[in-house]
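Whatever order the structure lists ligands and atoms in, that order sets their numbers, starting from 1. Note: hydrogens, waters and symmetry copies are ignored here, and every other heavy atom, side chains too, is used.
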Amino acid sequence: MRKLTITRPDDWHLHLRDGEALKAVLPHTVRQFARAIVMPNLKPPVRSVAEAAAYRDRILAAVPAGQQFEPLMTLYLTDNTSPDEIVSAKASNFVKAVKYYPAGATTNSDLGVTDIRKCDRVFEAMQQLDLPLLLHGEVTDRHVDMFDREKVFIDRHLMPLQQRFPRLRVVLEHITTSEAVQYVVSANNIAATITPQHLLFNRNSLFQDGLSPHFYCLPILKREEHRSALLQAATSGNPKFFLGTDSAPHSRNSKESSCGCAGCYSALHAIELYAEAFASVDALDRLEAFASSYGADFYQLPRSTEQITLIEKTWRVPDEVPFPESPLVPLRAGQEMTWQLA
Ligand code: DOR
Ligand code: ZN
């Protein structure tokens with residue numbers, strides 16, 4: 001039986017929700033990860049340092065007894081975020097980044113930014129204080145094809161942004177295209193997170209054996225050539241690419257609906273999913289750096305000193321896990337996996 005022992009990983013992009021939902025999902029993340037960058041798209045969103053502090057306390061209160069976990073908080077950028085809030089965020093020491101959602105791009109993004117240039121004073125402060133900007137990199141223009149929205153965002157908004165603020169450190173979150181890979185490789189002061197679903201699946205999965213809402217996330221899964229470019233990037237050993245699950249819990253009822261929510265639930269078995277992806281190209285020796293080193297280095301945080309062990313063993317992903325209202329369907333529900341966390 002093969003074994004793989006690595007430094008305990010961190011999740012650099014995670015949705016934990018709040019209340020009973022938070023209590024249902026947090027133990028899954030804590031089992032695997034030392035820390036996580038926690039997304040601020042609650043209802044209402046986490047827009048101030050005071051709200052981030054209160055949310056952080058609720059997360060810490062939900063950590064199972066005897067376990068360790070450090071939530072790294074983010075602020076939700078709006079048209080009205082002030083440069084003063086950025087100064088407080090930096091001083092707080094627990095707010096580690098600011099998240100940009102284009103208004104209307106995804107779940108709970110209605111209060112997001114309507115025009116990226118409206119935030120230039122805030123970006124100036126972030127550049128000055130070296131507080132990273134996390135981008136949901138998709139245009140919301142209804143004339144742009146759903147599958148081209150990331151590529152168009154890079155040309156239309158990201159390149160000009162980096163020209164205006166060349167020293168601002170940016171993470172292009174949950175990248176889905178070869179164009180994003182190429183851009184991140186070639187530009188300065190930019191890194192990217194990659195999800196397990198974008199490494200393991202292409203857009204065929206959305207339509208395999210009928211419409212499959214549990215593969216619907218944003219940015220949407222792309223063609224095979226893009227999946228393969230992402231897997232190449234993740235396993236390349238380039239420190240600009242690191243782990244961020246974008247695990248986004250929505251109940252079965254809200255996914256299997258005439259207007260289904262976007263998001264894949266991967267927190268249950270995230271590191272095992274990444275191990276499958278890396279094993280598929282015989283690159284398990286590159287998993288530790290991607291999962292446990294490069295993200296910490298980007299965020300200028302110490303790497304974890306703990307370890308986890310994965311063993312090569314067949315097991316079946318449960319069909320569902322408990323969640324308020326109706327259960328959660330994890331990514332790859334009911335299917336066999338070959339790596340398991342010991
Ligand atoms: O699929 C997604 N789900 N993409 C996002 O950007 C948001 C997330 C969520 O919060 O459900
Ligand atoms: Zn997300």
Side-chain angles (χ1 to χ4, degrees), residues 10-19 21-22 24-26 29 33 36-46 55 59 71-77 96-113 132-140 146-147 149-150 153 170-177 180 191-201 203 205-206 212-222 242-257 259-268 270 273 295 323-326 328-331:
D10 303 297
D11 186 348
W12 300 102
H13 184 126
L14 176 65
H15 297 269
L16 283 175
R17 314 301 191 212
D18 211 345
L22 164 66
V25 298
L26 183 61
T29 288
F33 296 103
I37 286 277
V38 180
M39 288 298 126
N41 62 333
L42 302 182
K43 262 184 179 164
V46 180
Y55 184 31
I59 296 167
L72 307 169
M73 309 309 291
T74 59
L75 295 188
Y76 183 111
L77 193 61
K96 297 296 184 192
V98 176
K99 178 69 188 272
Y100 163 89
Y101 286 105
T106 185
T107 310
N108 297 345
S109 64
D110 0 330
L111 296 175
V113 175
L133 174 66
L134 314 184
L135 296 174
H136 183 107
E138 287 194 288
V139 293
T140 50
M146 183 73 194
F147 294 90
R149 288 183 182 178
E150 181 176 273
F153 178 88
V170 174
V171 182
L172 188 55
E173 298 284 357
H174 41 54
I175 57 168
T176 62
T177 56
T193 51
I194 309 183
T195 76
Q197 64 267 25
H198 293 104
L199 291 177
L200 288 165
F201 305 104
R203 67 190 196 177
S205 296
L206 281 160
S212 303
H214 299 290
F215 287 104
Y216 174 55
C217 66
L218 290 170
I220 198 156
L221 294 173
K222 305 294 193 296
F242 47 83
L243 184 157
T245 62
D246 198 18
S247 177
H250 292 279
S251 68
R252 183 191 277 281
N253 284 352
S254 57
K255 297 277 303 167
E256 298 175 6
S257 145
C259 185
C261 295
C264 295
Y265 188 63
S266 61
L268 181 70
L273 290 165
F323 195 63
E325 286 164 44
S326 78
L328 271 180
V329 178
L331 195 61

Check against side chain to side chain contact (heavy atoms under 4.5 Å, CB included), His250 and Arg17 = CA-CA 10 Å; His250 292 279; Arg17 314 301 191 212; 3.1 Å; yes
query = Quick one: side chain to side chain donor-acceptor pair (under 3.5 Å) partners of Ser254, sequence neighbours excluded?
reply = Ser251
Closest non-hydrogen atom pair, Ala191 against Phe242 = CB-CE2, 3.6 Å
query = Which pairs, with at least one residue in residues 100-111 and sequence neighbours excluded, count as a side-chain hydrogen bond (donor to acceptor under 3.5 Å, both in side chains)?
reply = Lys99-Tyr101
Please tell me if the side chains of [X] and [Y] come closer than 4.5 Å, counting only heavy atoms from C-beta onward.
X: Tyr265; Y: Val25; answer: yes
X: His198; Y: Lys222; answer: no
X: Asp246; Y: Glu173; answer: no
X: Arg203; Y: Ile220; answer: no

Distance filter under 2.8 Å, centred on the Zn ion (ligand 2) - protein N, O or S atoms that pass it = His13 NE2, His15 NE2, Asp246 OD1
key: Per-ligand residue contacts, ligand 1, heavy-atom threshold under 4.0 Å   = His15, Arg17, Asn41, Thr106, Thr107, His136, Cys217, Leu218, Asp246, Ala248, His250, Ala262, Gly263
request  = May I have the step-by-step check of side chain to side chain contact (heavy atoms under 4.5 Å, CB included) for Val171 and Trp12, ending in yes or no?
outcome  = CA-CA 10 Å; Val171 182; Trp12 300 102; over 6 Å; no
